There are 2 protein chains.
Amino acid sequence: MRETVPARPLNATAASLLGFLHAGPLTGWDLVATAEMVIGDFWSLTRSQVYRELAAMEAAGLVVAGEIGPRERRPYQLTDAGREAFATWLDREPGPEQIRYPLLLTMAFGEHLAPARLAAFVAAHRKAHTARLEGYEALRAEAGAGLGPFAGATLDFGIRYERAVLDWFDHLSPEVGGRSEGGAPGGPA
Amino acid sequence: MRETVPARPLNATAASLLGFLHAGPLTGWDLVATAEMVIGDFWSLTRSQVYRELAAMEAAGLVVAGEIGPRERRPYQLTDAGREAFATWLDREPGPEQIRYPLLLTMAFGEHLAPARLAAFVAAHRKAHTARLEGYEALRAEAGAGLGPFAGATLDFGIRYERAVLDWFDHLSPEVGGRSEGGAPGGPA
DNA sequence: CCTTGACAGTCCACTGTGGCATGTTAGCGT
DNA sequence: ACGCTAACATGCCACAGTGGACTGTCAAGG
């Protein structure tokens, strides 16, 4: 008599794993890699959690573990119950986004910090965001429409977000770590 | 011999509480309210965690609890050790931001979802973001420069972010839930 | 006097993060 | 053939963070 846990509603991370399993059996390792690539820019997950969710979902009957292959690879396969749980999850109202930006925290307490230090942080983040934007734009140039409409739309979100952040950096007053005039005349393309 | 835990590095939430305590003693309840107002838009925290961090910080000697007042109010006061821990924390390199946006997840798996359903989600989020932007702009119009440069800069981030999201919504193709032509001609101000 | 609701704090289960530990195997140089 | 290394693959743990349920306090109003 194999008891399956009553079926609590899925969390977004577990549901995403089920989503990826629609394409065929995958191991925890593969799922982490896939998720990082496909949804990593707006949904973070960790190895630890993936393996934990897989174990829980197996107990709940949403996936079944296959034979252990080479290098301890343990492929998981979607069940009908899993397919249904995923469909139910996908149909829910997606909640509001959450942003956690430590630099803004630092800035909010800026009165307690040496101005030059804050400026250095801002400069470092500007650089990082520039690199991310370039990465996204290169991806769109290469892959272009080959991504399909859905991945294209999420990529577009990333591009617009990064541009907004960069714009914000560019309009920051020197008082709060923005660069003073003469840095790099002529804004971004 | 009062043992104080060795001094592990502060987490951002605990540090923020110390930051707010610079203005004078506050209770957990007050801290939650303050934090929600000042940093709530880019750093989420919950009652549960605030009380837990306060207890931990008291054990570590970073704050001292005062007398319990009316309605069980227990004010916490900053110690010198707390002031120093805050300064050290503030001086660290702020890490990258994290965004978790369930709507993008839903969209990424859009091929498994009825198009009309996705469009409804998108419409609901557009509305919510419009409201948020209006709230921010009203705040800037009312409070204006009275916020000070630091709060002004973080508010500005919020405004630019919301505008970027709204722009993204406005350029979404109908295929991925964007509204077809004829919705509301003439974009946002 | 009693109900209601805002205030204030506590507790718990679950989600999420990051690092450490462990074992496996392919590839490489010697 | 041997051992080294690096990538592969999973598991475990402590801590951070979330959201809801729960208890208790007090002011205001019917």
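Note on naming: letters A, B, ... go to the chains in the order of the sequence lines (proteins, then strands), and numbering restarts at 1 for each one. All heavy atoms count here, side chains included; hydrogens, waters and symmetry mates do not. Everything numeric in this text was worked out from a predicted model, so none of it was measured.
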| A/R100 CZ to C/dT15 C1', straight-line distance once rounded to whole Å | 13 Å
| request: Starting at atom CH2 of B/W29, determine the distance to atom C1' of D/dG24, rounded to an integer number of angstrom. | output: 12 Å
| message | Checking B/D41 against B/R132 for the side-chain contact (heavy atoms from CB on, under 4.5 Å) test, could you report, in this order, the C-alpha distance in whole Å, the side-chain angles of both residues, the deciding distance, and whether it holds? | response | CA-CA 10 Å; B/D41 290 321; B/R132 286 230 304 249; 5.8 Å; no
| request: Go through the steps to decide whether A/T13 and A/Q49 satisfy the test side-chain contact (heavy atoms from CB on, under 4.5 Å), and finish with yes or no. | output: CA-CA 8 Å; A/T13 299; A/Q49 201 192 349; 3.9 Å; yes
| query | What is the distance from CD1 of A/I99 to P of D/dT18, rounded to the nearest Å? | reply | 14 Å
| query | How are the rings of B/F86 and A/H112 set to each other: parallel, tilted or perpendicular (split at 30° and 60°)? | reply | perpendicular
| said: Is there a side-chain contact between B/Y51 and the phosphate of C/dT10, meaning an N or O under 4.0 Å from OP1 or OP2? | reply: no
| message | Mind checking if A/R74 touches a base, just sugar-phosphate, or nothing, with heavy atoms under 4.0 Å? | response | sugar-phosphate
| said: Side-chain N or O of B/N11 versus OP1/OP2 of D/dC15: is the shortest distance under 4.0 Å? | reply: no
| query | Could you give the CG-to-P distance, from A/L45 to D/dT10, as a whole number of Å? | reply | 15 Å
| request: For B/R117 and A/D91, indicate whether the former's side chain and the latter's backbone hold a donor-acceptor pair under 3.5 Å. | output: yes
| request: State whether B/Q98 places a side-chain N or O below 4.0 Å from either non-bridging phosphate oxygen (OP1 or OP2) of C/dT17. | output: yes
| Please give, in whole Å, the distance from D/dG17 P to B/L10 CG? | 11 Å
| request: Spell out, as yes or no, whether a donor-acceptor pair under 3.5 Å connects the side chain of B/T27 to the backbone of B/R74. | output: no
| query | Is any NZ, NE, NH1 or NH2 atom of the basic residue among A/D156 and A/R160 found under 4.0 Å from an Asp or Glu carboxylate oxygen of the other? | reply | yes
| remark: Sorted by position of nearest nucleotide on DNA chain D, 5' first, the leading residue of A/Q49 and A/R71 is A/R71
| message | On the nucleotide D/dT10, are OP1 or OP2 found under 4.0 Å from the side-chain N or O atoms that A/R52 carries? | response | no
| Exam field: side chain A/T106 to backbone A/P102, donor-acceptor pair closer than 3.5 Å | yes
With 3.5 Å as the limit, what N/O pairs link the protein to nucleotides 20-22 of chain D?
from, atom 1, to, atom 2, distance (Å)
D/dG20, O6, B/S48, OG, 2.9

| Taking CD1 from A/I68 and C1' from C/dT24, how many angstroms apart are they, rounded to a whole number? | 12 Å
| task | Rounded to the nearest angstrom, tell me the gap between atom CZ in A/R73 and atom C1' in C/dA26. | result | 14 Å
| request: On DNA chain C, check which nucleotide each of A/E72 and A/T46 is closest to and give me the residue with the more 5' one. | output: A/T46
| field | Rounded interatomic separation in angstrom, taking CG from A/L105 and C1' from D/dG17 | value | 14 Å
